[in-house]
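Report on one structure; see the data block that follows.
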Amino acid sequence: MTEPDDFFAEPREHSQTKARIVSKYAQGWARILTDFQRGKNIEPEVAVVDLFSGPGSYEDGTPSTPILILKNAIEDIKLSSALRTYFNDHNIENCESLSEEISQLPGLPRLRYKPVIISEDATVETLNRFQVPSSIPKLFFLDPFGYKAISVALLKACLADWSECIFFFNYRRIIAAVNNPAMQQNMLALFGPSALTELRAQLAEMNDVLARERVVLDHLKKALGKLCTGVQFS
Ligand SMILES: C[S@@+](CC[C@H](N)C(=O)[O-])C[C@H]1O[C@@H](n2cnc3c(N)ncnc32)[C@H](O)[C@@H]1O
């Protein structure tokens, strides 16, 4: 799948909704965990890791997820001293734009930890390169275009230890890809061989859109359940 070159021209409604949901969730999540740490006399420290961050704002100036997360942290005294942030995008121009946007944020010096930005194809290795302290809770955000960059191995790495992961999943594209030989490797990375065979057989028997979505999600849950214990979906 080619990447849409007008994605960041101006935000569609669903992109704004997504950015609002994810940034609010990140703030609530970070508050709950840092309050918990304070209650246990642990130095409050949490990390948000966004592997597909984009340029920070749309061309019309509308801020997107990374900028909203950082703005919330700057304005929240409990988070400004506790939140570490890590951003990656394989497009170097997006990283440069994000870096510039961050440098212009009013109140940036209030953040104890400077945001870390790297530019590469997101893989498990990227997580190692960030060197996020292993003992702190982490919230991962995986929002590539489509599904190409998401594998069960990456999801597993994002769900290790004390972490949560928000990822976007386009059922329509997945269902189209399941039977497309050109997408075989991506689908194998996502579901594994036996689940993929079973999924193909089940989808062939189904027409109802919601039922098809449910069966895709069930197989993803199964694939993840095999690799990670204690995984919960919501
Ligand atoms: C949907 S956009 C992200 C939007 C961003 N989450 C936001 O809320 O503004 C997807 C981004 O992922 C980047 N990307 C796509 N494939 C990638 C990969 N394999 N590794 C790293 N970045 C990738 C693209 O350059 C693009 O900026």
Side-chain angles (χ1 to χ4, degrees), residues 1-30 47-74 83 85-105 115-130 132 138-158 163-174 177 182-190:
M1 190 189 78
T2 53
E3 296 193 356
D5 51 16
D6 62 347
F7 183 88
F8 292 107
E10 63 180 277
R12 303 207 187 118
E13 198 183 328
H14 65 259
S15 295
Q16 280 179 295
T17 305
K18 171 184 72 180
R20 207 168 44 242
I21 290 172
V22 174
S23 56
K24 282 198 160 193
Y25 186 90
Q27 186 176 22
W29 168 87
V48 169
V49 184
D50 180 347
L51 289 180
F52 305 89
S53 61
S57 293
Y58 291 83
E59 283 164 27
D60 70 353
T62 307
S64 193
T65 320
I67 294 298
L68 294 177
I69 288 174
L70 290 168
K71 277 186 167 172
N72 288 344
I74 288 169
L83 183 69
T85 49
Y86 301 84
F87 301 105
N88 173 65
D89 195 293
H90 71 173
N91 180 328
I92 185 74
E93 286 171 16
N94 284 350
C95 291
E96 285 166 0
S97 159
L98 178 60
S99 176
E100 177 62 22
E101 299 269 339
I102 291 174
S103 71
Q104 310 267 333
L105 280 175
V116 176
I117 304 175
I118 61 178
S119 181
E120 61 184 34
D121 275 330
T123 65
V124 175
E125 278 308 304
T126 314
L127 303 181
N128 299 334
R129 230 181 305 290
F130 274 140
V132 188
K138 301 167 198 70
L139 175 64
F140 292 93
F141 179 34
L142 308 184
D143 179 26
F145 292 125
Y147 48 81
K148 256 185 154 177
I150 296 192
S151 65
V152 170
L154 184 61
L155 290 173
K156 184 188 176 193
C158 293
S163 54
E164 292 193 22
C165 177
I166 301 172
F167 67 97
F168 283 88
F169 203 66
N170 185 327
Y171 291 100
R172 203 165 44 90
R173 287 217 185 108
I174 294 278
M183 296 297 160
Q184 166 95 350
Q185 283 314 316
N186 300 110
M187 293 299 100
L188 282 172
L190 199 50

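Remember, it's 1-based here, ligands and their atoms both numbered in the order they're listed. Here, residue 1 is the first one in the sequence, and each next residue gets the next number.
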### Query
Mind checking whether Phe8 has a heavy atom under 4.0 Å from ligand 1?
yes
### Query
Under 4.0 Å from any heavy atom of Ala149, which atoms of ligand 1 are there?
19 (N)
### Thr65: numbered ligand 1 atoms lying under 4.0 Å from its heavy atoms
7 (C), 8 (O)
### Query
Are any non-hydrogen side-chain atoms of Leu127 and Leu51 less than 4.5 angstrom apart?
yes
### Task
Return yes or no for this condition: an N or O of Ala122 is under 3.5 Å from an N or O of ligand 1.
yes
### Message
I want to check something: taking the side chain as every heavy atom from C-beta on, are Ser64 and Ser57 in contact at a cut-off of under 4.5 Å?
### Response
no
### Query
Can you tell which part of Pro55 has a heavy atom less than 4.0 Å from ligand 1: side chain, backbone, both or neither?
neither
### Query
Taking only residues two or more places apart in sequence or in another chain, which ones pass side-chain hydrogen bond (donor to acceptor under 3.5 Å, both in side chains) with Lys71?
none
### Region of Asn88 engaging ligand 1 - heavy atom pairs below 4.0 Å
side chain
### Message
On a heavy-atom basis, I'd like to know which of Asp89, Ile150, Ile67 is closest to atom 24 (C) of ligand 1.
### Response
Asp89
### Query
Relative to the heavy atoms of Asp121, which atoms of ligand 1 are at a distance of less than 4.0 Å?
18 (C), 19 (N), 20 (N)
### Task
Output the list of atoms in ligand 1 that are nearer than 4.0 Å to some heavy atom of Asn91, sorted by atom number.
25 (O)
### Proximal atoms of ligand 1 relative to Glu120 (non-hydrogen, under 4.0 Å)
20 (N), 21 (C)
### Task
State, with a plain yes or no, whether a side-chain heavy atom of Ser97 is found less than 4.5 Å away from one of Phe8.
no
### Message
Within the 4.0 Å heavy-atom shell around Ser64, which atoms of ligand 1 are there?
### Response
7 (C), 8 (O), 9 (O)
### Task
Inspect the surroundings of CZ in Arg12 and state if more than 12 heavy atoms from other residues, nucleotides or ligands are less than 6.0 Å away.
no
### Task
Using a strict 4.0 Å cut-off to heavy atoms of Asn94, name the atoms of ligand 1 that fall inside it.
25 (O), 27 (O)
### Query
Less than 4.5 Å apart, any side-chain heavy atom of Ile117 and any of Ile102?
yes
### Message
Against ligand 1, does Ser53 come closer than 4.0 Å with any heavy atom?
### Response
yes
### Task
Could I get the full list of side-chain contact (heavy atoms from CB on, under 4.5 Å) partners for Cys165, not counting sequence neighbours?
Phe140, Leu142, Leu155, Cys158, Leu159, Phe167
### Task
May I ask you to list the atoms of ligand 1 that are less than 4.0 angstrom from any heavy atom of Gly54?
27 (O)
### Query
Picking from Pro55, Ser103, Pro66, what satisfies side chain to side chain contact (heavy atoms under 4.5 Å, CB included) with Leu98?
Pro66
### Student check: side-chain heavy atoms of Phe52 and Phe141 closer than 4.5 Å
no
### Query
Backbone, side chain, both or neither: what part of Ala19 comes under 4.0 angstrom of ligand 1, heavy atoms only?
neither
### Task
Return a yes/no value for His90: is any of its N or O atoms, backbone included, closer than 3.5 angstrom to an N or O of ligand 1?
yes
### Proximity to ligand 1 by part of Asp143, non-hydrogen separation under 4.0 Å
both
### Task
Please say whether more than 12 non-hydrogen atoms of neighbouring residues, nucleotides or ligands are located less than 6.0 Å from CD in Gln104.
yes
### Message
Would you say that Glu164 contacts Tyr25 through its side chain, given a criterion of any heavy-atom pair below 4.5 Å between the two side chains?
### Response
yes
